Enquirer: 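I'd like to ask some things about the structure below.
Remember, it's a predicted structure, so these values are computed and weren't measured experimentally.
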Amino acid sequence: MEAEARRRLRALRMEAAEYYRSHGVPQRMEDALNTLFPQRPGDLYGELANYLSKFSKAPLISKLVGRKVLDGVGQPTLEVETHCTVKNYERRICSVVMSSHFQTLVNALPETIEADEKERNNSVNTAVEWVNESLSTMLRDVKPTDQGEVDKMLGEFFTKKVEEKEEIQKREEREKDEETPSCIPPATELPGGKKAAKQGKKASIPEKMIPPAEPIELVLCGSLAIGGTSLAIAKAGATINHVPLYLHISLLKHNQHSPKEMTLPLPMVTVLNCEKTAKLKLVKEVMLIPPVHLSFKQGLERALDMQKEFMRLLDLLSKEPGPQAGDSKKGKAQNTGKKSAQQASKRISHLGCPVTGCDNLEQLLLLMQTACNNRSLELGKDMYLAINCAAHELMDYSKGKYEILTGTFKSPDEMINMYVELTDKFPFIIALIDPLRKEDRQQWTNICCALGSKCFLIAEDAATYISKRKIDQNFNVPTCSGVVLKYINQTKVSDLIELTGLLDSQRQITILGSPDGESSDDSLVDLAVGLGARFIKLGGLSRGERVTKYNRLLAIEEELAENRTLHHEEGYKNAVNQLLNLLLFLMNHTQKNLLMSLLPPQLSQTAPQVHSLSAQLPVNSTLTDPGCQHSLLDKFLKETMF
């Protein structure tokens, strides 16, 4: 027995020795000790563990966990956790919470709200089921750092689900047709046919035919699982590689080439959420855009300061007594602006800003100017404005016109003239979001020709479905200066990377936008920074789910500044640009070339960039028109260049 035990022990020792030799353990242990001995670290075993960890297997996805959670407005949405096998142990790496694609309904009917809530619950429940069962099994043992492979598998899975849904619908339609006998009489026997052919009665039709509203694209129940899983894997890949998510996204976009500098997107800070139920229907959001020479922190502080002053003015006006019954007509006219301001309230909307109802857009803008002046600031220099018109909510299809004020309607062509007058009178408005419906393609082209040199013309509602935009570059997207992208539904990280590259190549501006049903997850900010978005639209400076994202941007700015990878304007560069502009203006083309040959390379390279403004807007923009050189947008763009 004792001899048998010794033989068994000797065999085990030989197997162990062979196992260690086959994995190169003795040699690597010797190399580790030789490397660490001269250093004599305080924590020898810690350093030894770090050294040997370089030879461990790459982490692999072990499982995904999906669960139903609540978003910022108390509605159900999806959370996805990523678990990986790291050094033989299963660990929870990270989690993400998806933003909901469901819009917040205003004054909707009870039955509509009930149907919406039911649809939302079904979609989230289906997404949770997909994540915990199908997707978790499908992605097991896949590297979380292989984003392209993961997104390819997710895309194939989603395509299969869409095909299954379509097949079920076709089968149900066939069964319904078979069960329901046709009892429709021939067209010649339709009652009332002769009456319909009578002439002399005018039908109630719009003065000019407008393109009908395109059908709303149905969102596949459970599609949140695709976007949530893709983003969760991207976040896990960043964690595994020990880099921030924004850098991980940037490396994915630029084929693993680390950028020397990174630029923070300019914030579009919503300062007011205007109710469409008020008399003024044209405006949904009023947003502040700080100048680019400020740091993000300085710009945010300035926007917050302006919002406080603006609300103070609204409070003062609301306390003033309105016109009395005995007032003269002139007195009533003078008080019209104050009356509109009295409708302001202190409610905070789901967008994270005060809600107000207005009767007069001009009064609102003048009040904004007053708030700016009270803080010793100047609109158009120290702060710019953007307006979200949400024109798709204004169309009265029975009249074929937009209802911009209660009882006041304008045709699509008249809308363009109105916007031209508005930007002429208030040139500090440098961006209009959804000024027209996406269906009014000809008017979008016209407004770009008319206003392309004065302000950005942004499509938000027209760019909701990212996957379709990626497949068909002209899908539902009119001619515009830029597009608001939202990470919702079946959107994948690879889709965003591909689409932002496409927008860059088309000289269009990328804006990452926050949806109505926002969550406390701040991954959107990292996506915007990593993708190099020009602007980010997060809502107002209230509500935790939105403030969290602004705080994340502040943290990224500090981190990039510490790493010296933050692109920022320097004072001497601005002075050089101003000097070059003056010299180039005074000199003819030949003298300009001579000047370029005499300047040092680092300065001569800046001059073309000062005037390369056409790269910021679509090719069909009128920005290059010589008559547009003095617009505020021209100035704003110059400030962004060096």
Enquirer: Whether the side chain of Thr370 engages the backbone of Leu366 through a donor-acceptor N/O pair (distance < 3.5 Å, no angle test) should be reported.
Expert: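 Yes: the side chain of Thr370 pairs with the backbone of Leu366.
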Enquirer: I need the minimum non-hydrogen distance between Met268 and Ala431, along with the two atoms involved.
Expert: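 For Met268 versus Ala431, the nearest heavy atoms are CE-CB, 4.3 Å.
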Enquirer: Could you tell me which non-hydrogen atom of Ile289 sits nearest to which non-hydrogen atom of Ala386, and how far apart they are?
Expert: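 Nearest pair, atom of Ile289 first, then Ala386: CD1-CB, 3.9 Å.
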Enquirer: Work out which heavy atom in Pro412 is nearest to a heavy atom in Leu436; give both atom names and the distance.
Expert: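 Shortest heavy-atom contact: O-CD2, 4.2 Å.
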Enquirer: Pick from Val483, Leu503, Leu502: which one makes a side chain to side chain contact (heavy atoms under 4.5 Å, CB included) with Thr510?
Expert: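 Exactly one pass, corresponding to Leu503.
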Enquirer: Do you see a donor-acceptor pair shorter than 3.5 Å between the side chains of Thr479 and Arg441?
Expert: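 Side-chain D/A pair, Thr479 to Arg441: absent.
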Enquirer: Side chains of Gln443 and Asp413: donor-acceptor distance under 3.5 Å anywhere?
Expert: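 Distance-only check passes for Gln443 and Asp413.
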Enquirer: Are Glu285 and Asn273 linked by a side-chain donor-acceptor pair shorter than 3.5 Å?
Expert: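 Side-chain D/A pair, Glu285 to Asn273: absent.
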Enquirer: Would you mind reporting whether Leu364 and Val286 have side-chain heavy atoms less than 4.5 Å apart?
Expert: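 Result yes, sub-4.5 Å side-chain heavy-atom pair found.
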Enquirer: Hey, is the main chain of Ser523 close enough, under 3.5 Å, to the side chain of Asp521 for a donor-acceptor pair?
Expert: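 A pair under 3.5 Å: yes.
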Enquirer: Could you check Ser250 against Lys253 for side-chain contact (heavy atoms from CB on, under 4.5 Å), going step by step and ending with a plain yes or no?
Expert: CA-CA 5 Å; Ser250 181; Lys253 183 174 181 178; 5.7 Å; no
Enquirer: Whether the Ser230 and Gln147 side chains hold a donor-acceptor pair (N or O, under 3.5 Å, no angle test) is what I'd like checked.
Expert: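 There is such a pair between these side chains.
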Enquirer: Should Glu414 and Tyr419 be marked as a side-chain hydrogen bond (donor to acceptor under 3.5 Å, both in side chains) after you check the CA-CA gap, both sets of side-chain angles, and the distance that decides it?
Expert: CA-CA 9 Å; Glu414 291 172 337; Tyr419 288 128; over 6 Å; no
Enquirer: Picking from Val271, Asn388, Val269, what satisfies side chain to side chain contact (heavy atoms under 4.5 Å, CB included) with Met287?
Expert: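 Answer to the side chain to side chain contact (heavy atoms under 4.5 Å, CB included) test with Met287 among Val271, Asn388, Val269: Asn388.
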Enquirer: Okay, side chain of Thr408, backbone of Ile404: is any donor-acceptor separation there less than 3.5 Å?
Expert: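 No, the answer is negative, given that no donor and acceptor are paired below the 3.5 Å cut-off.
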Enquirer: Are the side chain of Arg546 and the backbone of His350 linked by a donor-acceptor contact shorter than 3.5 Å?
Expert: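 Yes; at least one donor-acceptor contact below 3.5 Å.
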Enquirer: Do Glu421 and Asn417 pair up side chain to side chain, a donor and an acceptor below 3.5 Å, judged on atom types alone?
Expert: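 Absent: no donor and acceptor within the cut-off.
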Enquirer: Whether the side chain of His248 engages the backbone of Pro244 through a donor-acceptor N/O pair (distance < 3.5 Å, no angle test) should be reported.
Expert: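 Checked: no pair found.
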Enquirer: So, Ser123 side chain and Arg120 main chain: donor-acceptor pair closer than 3.5 Å or not?
Expert: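 Judged by distance alone, no pair lies under 3.5 Å.
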Enquirer: Any side-chain heavy-atom pair from Glu362 and Phe426 closer than 4.5 angstrom?
Expert: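 Yes. Closest side-chain heavy atoms under 4.5 Å.
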Enquirer: May I have the step-by-step check of side-chain hydrogen bond (donor to acceptor under 3.5 Å, both in side chains) for Glu545 and Ser99, ending in yes or no?
Expert: CA-CA 10 Å; Glu545 67 274 12; Ser99 300; over 6 Å; no
Enquirer: Check Asp526 against Asp522 and note the closest heavy-atom contact, atom names and distance.
Expert: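 Heavy-atom minimum between the residues: OD1-O, 3.7 Å.
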Enquirer: Quick check against the 3.5 Å criterion: does Lys401 have a side-chain atom that pairs as donor or acceptor with the backbone of Asp396?
Expert: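 Judged by distance alone, no pair lies under 3.5 Å.
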Enquirer: Check the pair Ile429 / Leu422 against side-chain contact (heavy atoms from CB on, under 4.5 Å), numbers first and verdict last.
Expert: CA-CA 9 Å; Ile429 299 174; Leu422 180 66; 4.0 Å; yes
Enquirer: Please find the pair of heavy atoms, one from Ile497 and one from Ile249, that lie closest to each other, and give the distance.
Expert: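 Between these two residues, the closest heavy atoms are CD1-O, 4.4 Å.
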Enquirer: Between Thr77 and Asp71, do the side chains contain a donor N or O and an acceptor N or O under 3.5 Å apart?
Expert: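 No - no donor-acceptor pair under 3.5 Å links their side chains.
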Enquirer: Output yes when a side-chain donor or acceptor of Asp382 lies under 3.5 Å from a complementary backbone atom of Leu377, and no otherwise.
Expert: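 Checking the backbone N and O of Leu377 against the side chain of Asp382, no donor-acceptor pair under 3.5 Å is found.
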Enquirer: Write down the atom of Leu282, the atom of Leu361, and the distance for their closest heavy-atom approach.
Expert: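 For Leu282 and Leu361, the tightest heavy-atom pair comes out as CD2-CD2, 4.1 Å.
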Enquirer: Between Tyr550 and Phe296, how do the two ring planes meet: parallel, tilted or perpendicular, split at 30° and 60°?
Expert: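 If you compare the ring of Tyr550 with that of Phe296, the planes turn out parallel.
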Enquirer: Just verifying a value: how many Å separate Asp434 CG and Ile458 CD1, rounded to the nearest 0.5 Å?
Expert: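 Interatomic distance, Asp434 CG to Ile458 CD1, rounded to 0.5 Å: 9.5 Å.
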Enquirer: Atom CE in Met262, atom CG in Asn563: separation rounded to 0.5 Å?
Expert: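 It is 11.0 Å, given to the nearest 0.5 Å.
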Enquirer: So, do Leu272 and Cys353 sit near enough that their side-chain heavy atoms are less than 4.5 Å apart?
Expert: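 Not touching, per the 4.5 Å side-chain cut-off.
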Enquirer: How long is the gap from CG on Leu365 to CD1 on Ile387, to the nearest 0.5 Å?
Expert: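 The distance works out to 5.0 Å.
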Enquirer: Is there a donor-acceptor contact under 3.5 Å from the side chain of Glu309 to the main chain of Asn374?
Expert: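 No, Glu309 side chain to Asn374 backbone: no donor-acceptor pair under 3.5 Å.
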Enquirer: Between Pro290, Cys455, Pro291, which is the residue that forms a side chain to side chain contact (heavy atoms under 4.5 Å, CB included) with Tyr384?
Expert: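 For Tyr384, the side chain to side chain contact (heavy atoms under 4.5 Å, CB included) test succeeds with only one of Pro290, Cys455, Pro291, which is Pro291.
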Enquirer: Working to the nearest 0.5 angstrom, can you tell me the gap between Leu499 CG and Gln508 CD?
Expert: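 The CD atom of Gln508 is 9.0 Å from CG of Leu499, to the nearest 0.5 Å.
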Enquirer: Atom CG of Leu541 and atom CG of Leu304: how far apart are they, to the nearest 0.5 Å?
Expert: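 One gets 5.5 Å once the value is rounded to the nearest 0.5 Å.
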Enquirer: With Asp440 as reference, evaluate Lys438, Gln442, Arg437 under the side-chain hydrogen bond (donor to acceptor under 3.5 Å, both in side chains) test and give the passing residue.
Expert: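 Passing option: Arg437.
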